[in-house]
Amino acid sequence: AEKLDRVIVTAGSRILQFKPEDFTGSCRLMDAGFNLRSARVHPWMDKGLVFAGGKRQVAAIDPDTTQQVAVYPLPEGKKPKGGVNATAVWKNRLFATHSEIGLIEWDLAKPWVPGQCVFTGVTELAATVLAPGDALWATLGGWNVALAGDVAGLPFFRKGLGSDDVGRG
């Protein structure tokens, strides 16, 4: 069984990170500088950075120094009311879902460059994005959909429905 490596909690503009087996010794408090909607840890720059999603951007924060190392702004001209729901790092790209914008993509090597909306028309209802293994997945209107990568044989399904609604890529 896999062991939980760390826990991330967001409240307002702050992120609390700790390891369950050593709460007092591993506790880190970070301030993103903007109100948060989400936070996830992804490997980048030879370490696990916290990618914190807000209303207008995603910030990459080094949990060791608690400092921002990069900022990825939302696409130009987009002024949403809500914030980034989820992030995923896949093949040197950052992906984020936003309930008002859809799926957004950035080149991780080019921080401070506004992201681009991708798979428009299909991902407008994107609730979350994940990059397990060598595939990129998004939840679109109740469907878990493989968007790219090595997905042969991986299951896709509609949540809340029976096994007849499970298929293979």
Side-chain angles (χ1 to χ4, degrees), residues 6 8-17 28-151 154 156 158-159 169:
R6 61 185 123 183
I8 302 285
V9 180
T10 63
S13 66
R14 297 194 175 189
I15 304 162
L16 174 66
Q17 173 185 286
R28 295 278 185 273
L29 185 62
M30 299 162 257
D31 194 322
F34 55 90
N35 285 332
L36 297 169
R37 171 76 183 213
S38 63
R40 284 189 177 166
V41 176
H42 301 297
W44 182 243
M45 299 172 63
D46 297 322
K47 62 178 12 180
L49 297 180
V50 176
F51 285 80
K55 190 173 187 175
R56 307 252 193 263
Q57 65 206 9
V58 175
I61 301 172
D62 183 333
D64 296 330
T65 65
T66 71
Q67 300 297 307
Q68 286 187 9
V69 295
V71 173
Y72 300 91
L74 292 185
E76 291 180 345
K78 302 289 185 182
K79 300 200 183 325
K81 295 175 186 161
V84 169
N85 298 317
T87 59
V89 168
W90 185 69
K91 297 193 177 202
N92 297 321
R93 312 294 287 176
L94 172 63
F95 292 87
T97 54
H98 194 293
S99 59
E100 297 167 68
I101 298 173
L103 187 64
I104 307 159
E105 176 186 18
W106 294 266
D107 181 341
L108 280 169
K110 296 178 180 177
W112 298 280
V113 173
Q116 299 294 314
C117 294
V118 294
F119 301 110
T120 55
V122 176
T123 64
E124 290 170 346
L125 299 175
T128 193
V129 63
L130 298 167
D134 195 31
L136 180 67
W137 292 78
T139 299
L140 310 171
W143 284 91
N144 290 331
V145 179
L147 297 175
D150 184 10
V151 296
L154 293 176
F156 61 89
R158 184 171 173 91
K159 65 182 176 183

Does a sphere of radius 6.0 Å around NZ in K110 hold more than 12 heavy atoms from other residues, nucleotides or ligands, not counting ones at 6.0 Å or beyond? no
Using a 3.5 Å distance criterion without hydrogens, assess whether the side chain of S38 forms a donor-acceptor pair with backbone atoms of V84. yes
Take V113 and D107 through the test side chain to side chain contact (heavy atoms under 4.5 Å, CB included) and record every step on the way to the result. CA-CA 8 Å; V113 173; D107 181 341; over 6 Å; no
Heavy atoms, side chains only, cut-off 4.5 Å: are K47 and L49 in contact? yes
Identify the residue among R40, R6, M30 that makes a side-chain contact (heavy atoms from CB on, under 4.5 Å) with V50. M30
Could you check D62 against M45 for side chain to side chain contact (heavy atoms under 4.5 Å, CB included), going step by step and ending with a plain yes or no? CA-CA 10 Å; D62 183 333; M45 299 172 63; over 6 Å; no
K55 meets the side-chain contact (heavy atoms from CB on, under 4.5 Å) criterion, sequence neighbours left out, with none
How close do L29 and T66 get, counting heavy atoms only, and between which atoms? O-CG2, 3.6 Å
From CA spacing to verdict: side chain to side chain contact (heavy atoms under 4.5 Å, CB included), F34, Q57: CA-CA 9 Å; F34 55 90; Q57 65 206 9; 2.7 Å; yes
Which atoms form the tightest heavy-atom contact between D31 and R14, and what is the distance? OD2-NE, 3.7 Å
Is there a side-chain contact between L16 and I8 (heavy atoms, below 4.5 Å)? no
Considering only heavy atoms from C-beta outward, does the side chain of R56 approach that of P80 to under 4.5 Å? yes
Could you grab the distance from atom CG of L74 to atom CD1 of I101, nearest 0.5 Å is fine? 4.5 Å
Looking only at atom types and distance, does a side-chain atom of H42 sit under 3.5 Å from a main-chain N or O of T87, one as donor and one as acceptor? yes
Minimal heavy-atom distance between P75 and P114, with the atoms involved, is CA-CB, 4.1 Å
With sequence neighbours excluded, residues passing side-chain contact (heavy atoms from CB on, under 4.5 Å) with N92: W44
Would you indicate whether R93, at its atom CZ, is surrounded by more than 12 heavy atoms from other residues, nucleotides or ligands within a distance under 6.0 Å? yes
Y72 and P111: which non-hydrogen atoms are nearest, and at how many Å? CE2-CA, 3.5 Å
First locate atom NE2 of H98, then atom CG of N85, and finally report the distance between them rounded to the nearest 0.5 Å. 7.0 Å
Check for a donor-acceptor pair, side chain of W106 on one end and backbone N or O of V71 on the other, with a separation under 3.5 Å. no
Under 3.5 Å, is there a donor-acceptor pair between the side chain of Q68 and the main chain of A32? yes
Is a side-chain N or O of E100 found less than 3.5 angstrom from the main chain of G82, in a donor-acceptor match? yes
Using 0.5 Å steps for rounding, measure from the CZ atom of R37 to the OG1 atom of T10. 10.0 Å
